[in-house]
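Below, each value reflects all heavy atoms present in this structure, side chains not excepted, and no hydrogens, waters or symmetry copies. We number each residue from 1, following the sequence as shown. Keep in mind it's a predicted model, so treat the numbers as computed, not measured.
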Amino acid sequence: MNSYAKGKLIWDELISVLPKSIISYIDSANMRGALEEIRIRAEQPVVLFPFKQLQNILPPTITQSECLELFERICHHSIYAWEEELRQGFITMRGGIRVGMAGKALIEGGSFKRLANVTYFNIRIPHECVGCADPVMPYIMQGDGSVYSTLLVSHPGGGKTTMLRDIARQLSTGRHPLRICIVDERSELAGSYQGLVQNDLGKNCDVLDACPKAIGIKQMLRTMSPDVIITDEIGSQGDIDALLDAAYCGVRIMASVHGNHVYDFYKRPCFHDL
C-alpha cells in the first residue's frame, strides 16, 4: 500500500469513530498529516499532539456520553468481541491506529479483567518513515550479510518503534534477505488488524501479534526458524531470559528499551546478563 492510500485508510477510520467537532477542528487547522496523538478525556478539552511541535488544545470539551459513544464505535458496537484487547488496555484499529484506554477497572479474582466506563483515550496515529534506518544499517550489517544483535535505547516518543520497523523492512528485503520474526506484544510494530499487518515490514517477515514477549519469543524460536527476532520495549526478567535463550541458539536479536542514555540501561541490574 502506498503512502497516500495508507493515509486515506487511516483518516477514513478516524472519521468513522471520532466526534465531528474533533475532525472539523483538525481539518480547519490543516493538521491531518502532522498528528501523532489525540488525547481525549471526558469533560476536558481534547489535546492534539502534532509531530515535533507543541501541543494544541481543542477548546470544546468532550462529554462523558460522547466518550461512551466513541468507545462503542471503536469496538464496532461489540465490546465482548474485544474483551482480550480490553484486558490489555488498548485496541488496534485499521491502518495500525493504536487506541490506549483508561477508565474503571474491573477486577476478578485479584486480577485485572477488563475496562468499563472508558472515558480516557490515547489515539496514536502511525507514521511509517521508510528509510529512517539508513544511517544505522552499516553498523548493524556485517560484510557477509549477517547482522549484529542490536539494542535501541531512547526516551518514550523518541522513535524506537519507527526505527525498529524500518530495520525489519530492510533486513527482510535487502540483498541478503533474512528470515525476520516480530513478537509484537502491543501491536505497534506491525499494527496488525484482525491478523493482517498494516505496516510495511518487507517480504520475509512473520509476526506474532498481541502475545507477551517472554512467551512469544520462545514460540517463534520453536516454530518459525528465524534468523532475527525483533521485539519492542523489553523490561521484565522474563523478556530478558527469552532473548538470551534465542541468542544462545544463534538467533540475532533486535530490541528496544526505555532510557534517556545508554548508561540508564547499564544501571538496571536485570539487564546485566543481556
- Before giving the answer on side-chain contact (heavy atoms from CB on, under 4.5 Å), spell out for Phe121 and Phe71 the whole-Å C-alpha distance, their side-chain angles and the decisive distance to 0.1 Å. CA-CA 9 Å; Phe121 302 84; Phe71 178 56; 4.0 Å; yes
- Task: Mind running side-chain contact (heavy atoms from CB on, under 4.5 Å) on Ile182 and Arg165 for me, showing each step along the way?
- Result: CA-CA 9 Å; Ile182 290 181; Arg165 188 183 299 127; over 6 Å; no
- Task: Go through Gln44 and Thr61 one step at a time and tell me if the side-chain contact (heavy atoms from CB on, under 4.5 Å) criterion holds.
- Result: CA-CA 5 Å; Gln44 297 292 329; Thr61 59; 5.6 Å; no
- Message: Would Ile180 and Asn204 count as a side-chain contact (heavy atoms from CB on, under 4.5 Å) here? Give the steps.
- Response: CA-CA 6 Å; Ile180 308 300; Asn204 199 25; 5.8 Å; no
- Task: List the steps and the verdict of salt bridge (charged side-chain N to carboxylate O under 4.0 Å, His left out) for Glu128 and Arg169.
- Result: CA-CA 11 Å; Glu128 292 183 85; Arg169 181 189 65 82; over 6 Å; no
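Environment of OH in Tyr193: crowded, with over 12 heavy atoms of neighbouring residues, nucleotides or ligands closer than 6.0 Å. Counting non-hydrogen atoms of neighbouring residues, nucleotides and ligands closer than 6.0 angstrom, the CD atom of Glu43 exceeds 12 such neighbours. More than 12 heavy atoms of other residues, nucleotides or ligands sit less than 6.0 Å from atom CG of Asp134. In the displayed structure, Gln142 atom CD is contacted under 6.0 Å by more than 12 heavy atoms of other residues, nucleotides or ligands.
Side-chain contact check for Ile234 versus Leu151: some heavy-atom pair is nearer than 4.5 Å. Taking the side chain as every heavy atom from C-beta outward, Arg73 and Pro19 approach each other to under 4.5 Å. A 4.5 Å side-chain heavy-atom check between Gln170 and Met141 finds every atom pair outside the cut-off. Within the 4.5 Å cutoff, no side-chain heavy atoms of Val153 are placed close to those of His261. With contacts defined as side-chain heavy-atom distances shorter than 4.5 Å, the pair Arg252/Leu178 does not qualify.
The two residues Val197 and Asn199 come nearest to each other via the heavy atoms CG1-O, 3.0 Å. The two atoms that bring Ser172 and Leu201 nearest to each other are OG-O, 2.8 Å, heavy atoms only. The two atoms that bring Ile62 and Ser21 nearest to each other are CD1-OG, 4.1 Å, heavy atoms only. The shortest non-hydrogen separation linking Asp239 to Ile217 is O-CD1, 4.3 Å.
Of the inter-residue distances, the one linking Met220 atom CE with Ser225 atom OG reads 11.5 Å to the nearest 0.5 angstrom.
A salt bridge links Asp27 to Arg32: one of the charged nitrogens lies within less than 4.0 Å of a carboxylate oxygen.
Here Glu185 pairs with Lys213 under the salt bridge (Lys or Arg N to Asp or Glu O under 4.0 Å) rule; sequence neighbours left out. Under the salt bridge (Lys or Arg N to Asp or Glu O under 4.0 Å) criterion, Arg41 pairs with no residue, sequence neighbours left out.
Other cluster members for Leu196: none, since no ILVMFWY side-chain heavy atom sits under 4.5 Å from it.
Donor-acceptor pairing under 3.5 Å is lacking for the side chains of Ser187 and Asp184.
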